[in-house]
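In what follows, every chain begins at residue 1, and chains take the letters A, B, ... in the order their sequences are listed.
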2 protein chains.
Amino acid sequence: MSPRTPPGKTRDQIFRFVRDRLLDGFPPTVREIQDAFGFRAVQTVQAHLERLVTEGRLAKQKGKARGYTLPTGTPERPATFFVPLLGRVQAGDLNAAIEDCEGYVAVQQRGTELSRTRLPQEGSSAHHHHSPSQGALFALRVRGESMTGAGILPDDTVIVRSQPTADSGDIVVALIGDEATVKTLRIQRNQIILQPENPAFDPIIPEPDTCTILGKVIEIRRYL
Amino acid sequence: MSPRTPPGKTRDQIFRFVRDRLLDGFPPTVREIQDAFGFRAVQTVQAHLERLVTEGRLAKQKGKARGYTLPTGTPERPATFFVPLLGRVQAGDLNAAIEDCEGYVAVQQRGTELSRTRLPQEGSSAHHHHSPSQGALFALRVRGESMTGAGILPDDTVIVRSQPTADSGDIVVALIGDEATVKTLRIQRNQIILQPENPAFDPIIPEPDTCTILGKVIEIRRYL
DNA sequence: TGCTATACCAGACAAATGTCTGGTATCATC
DNA sequence: GATGATACCAGACATTTGTCTGGTATAGCA
């Protein structure tokens with residue numbers, strides 16, 4: 001029999017082990033934990049895991065292999081999913097651009113977008129299509145210096161939530177003619193103004209029906 | 001028998017399903033995939049998975065439950081892992097800050113950092129500690145306006161690679177006294193200067209041995 | 001002393017899950 | 001038509017893995 005450890009200490013180490021494995025994307029089995037700690041009985045591990053669950057530090061799916069997870073919805077591990085990084089957006093055809101994207105970017109669910117939570121159980125249905133419907137996310141590389149005043153530099157990546165309208169003051173991606181552009185949206189007297197955040201650029205007041213709002217920028221990233 | 005699908009299409013959807021599940025941190029079983037797609041035979045799924053592996057789109061651990069993983073970072077789909085988001089960094093004790101972090105941020109491997117890949121197989125050993133050793137990543141929330149000129153605003157999140165030194169011109173996180181700060185590093189005549197990117201702030205020329213470079217900023221994020 | 005809680009062990013059972021063998025059907029190509 | 005490739009099905013088997021029952025030992029406490 002292995003030497004006794006102070007109450008709670010082994011359990012704490014087990015928790016970290018499991019947590020690390022979960023963050024690595026590969027949940028451990030009870031026997032893997034057993035081996036890692038050198039226990040000679042599975043039950044030892046299960047007792048610890050059971051307590052970790054009752055303490056709320058872990059969640060489990062009964063009977064499932066590798067069924068331990070971090071409790072859902074905790075800031076410890078927000079849901080993560082992939083959004084397509086679009087190369088160029090041609091006139092209106094967002095669907096095509098999404099099908100034919102440059103790659104995918106990992107985005108984490110944030111507090112305000114609880115609506116589109118995707119639980120592991122729901123999964124993706126078999127014939128699920130990426131669609132730029134209301135609420136879908138995509139990523140876009142920024143061109144030009146028109147938004148430097150808002151801390152958006154050329155070559156930054158913006159994460160965009162598709163929506164046909166936005167509030168005044170939101171940073172949006174709009175399609176003017178054939179080109180997608182990032183600007184601050186201003187609405188004055190029912191008129192749409194696309195406002196650059198750089199004194200060297202002039203506001204754009206698009207003719208009606210020549211401008212489509214693709215969505216609202218919800219995140220900005222820069223890779224150095 | 002279900003209707004036939006065009007060659008490769010079903011497989012592509014299976015790949016996405018598996019990939020999404022992996023990013024959610026819970027690899028699927030073959031039977032879960034089977035159910036999700038409505039197949040009446042497990043073998044159907046396994047044939048697809050086998051091909052995905054030979055095509056290099058998936059990797060697997062033979063015989064293990066939920067044994068499918070994404071292959072180590074291809075440029076198309078870079079490896080994604082979670083780095084700790086530190087609350088406050090107290091004097092020198094980065095280890096403690098990492099142990100006691102606010103949460104985790106999903107970061108994708110980028111071209112230059114091939115060195116520190118952590119494979120699922122290596123796993124964590126039982127008594128493995130997170131250590132901010134050379135190359136480890138962590139995230140930090142930016143305070144203050146001293147870097148607005150570089151497009152880094154208050155409350156932005158920076159992703160940092162731990163390293164004890166950096167090149168002149170790099171944006172770094174440095175520990176001065178008790179406080180962690182983000183600045184541009186300048187080295188002139190063997191002297192270290194921490195340069196704000198905001199005319200309202202003065203450069204910091206730290207006394208020798210009162211300044212530790214925690215690491216280099218490799219990514220910046222802003223959530224709107 | 002007895003009681004309870006904790007840490008751990010031994011061995012078995014049962015469910016989940018990976019793997020296999022052998023089949024049908026459709027499509028394209030020679 | 002024959003051939004090969006692909007998509008799919010049916011059912012079984014074997015391993016992995018979760019779960020259970022019953023046990024020892026140590027520590028703290030009334």
Under a 4.0 Å heavy-atom criterion, the protein footprint on nucleotides 13-21 of chain C, written with B, S and -, is ---SBBBBB
Are OP1 or OP2 of [N] and a side-chain N or O of [X] less than 4.0 angstrom apart?
X: A:His48; N: C:dT6; value: no
X: B:Thr44; N: D:dA7; value: no
X: A:Arg51; N: C:dT6; value: yes

Of A:Arg161, A:Lys183, A:Lys216, the one forming a salt bridge (Lys or Arg N to Asp or Glu O under 4.0 Å) with A:Asp170 is A:Lys216
message: Tell me whether the count of non-hydrogen atoms from other residues, nucleotides or ligands lying under 6.0 Å of CD in A:Glu50 goes above 12.
response: no
Would you kindly give the [atom1]-to-[atom2] distance between [X] and [N], to the nearest whole Å?
X: B:Glu50; N: D:dA5; atom1: CD; atom2: C1'; result: 15 Å
X: A:Gln34; N: D:dT16; atom1: CD; atom2: P; result: 14 Å
X: B:Phe39; N: D:dT6; atom1: CZ; atom2: P; result: 16 Å
X: A:Leu49; N: C:dC8; atom1: CG; atom2: C1'; result: 14 Å
X: A:Lys9; N: C:dC8; atom1: NZ; atom2: P; result: 11 Å

*Flag the pair A:Asp20 and A:Arg16 as a salt bridge only when some basic side-chain nitrogen lies within less than 4.0 angstrom of an acidic carboxylate oxygen.*
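Looking at A:Asp20 and A:Arg16, the cut-off is not met.
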Looking at B:Asp156 and B:Arg143, is there a salt bridge between them, counting it only when a charged N and a carboxylate O are closer than 4.0 Å? no
- Task: Take A:Arg31 and A:Asp35 through the salt bridge (Lys or Arg N to Asp or Glu O under 4.0 Å) test and state the conclusion after the steps.
- Result: CA-CA 6 Å; A:Arg31 281 177 178 82; A:Asp35 291 350; over 6 Å; no
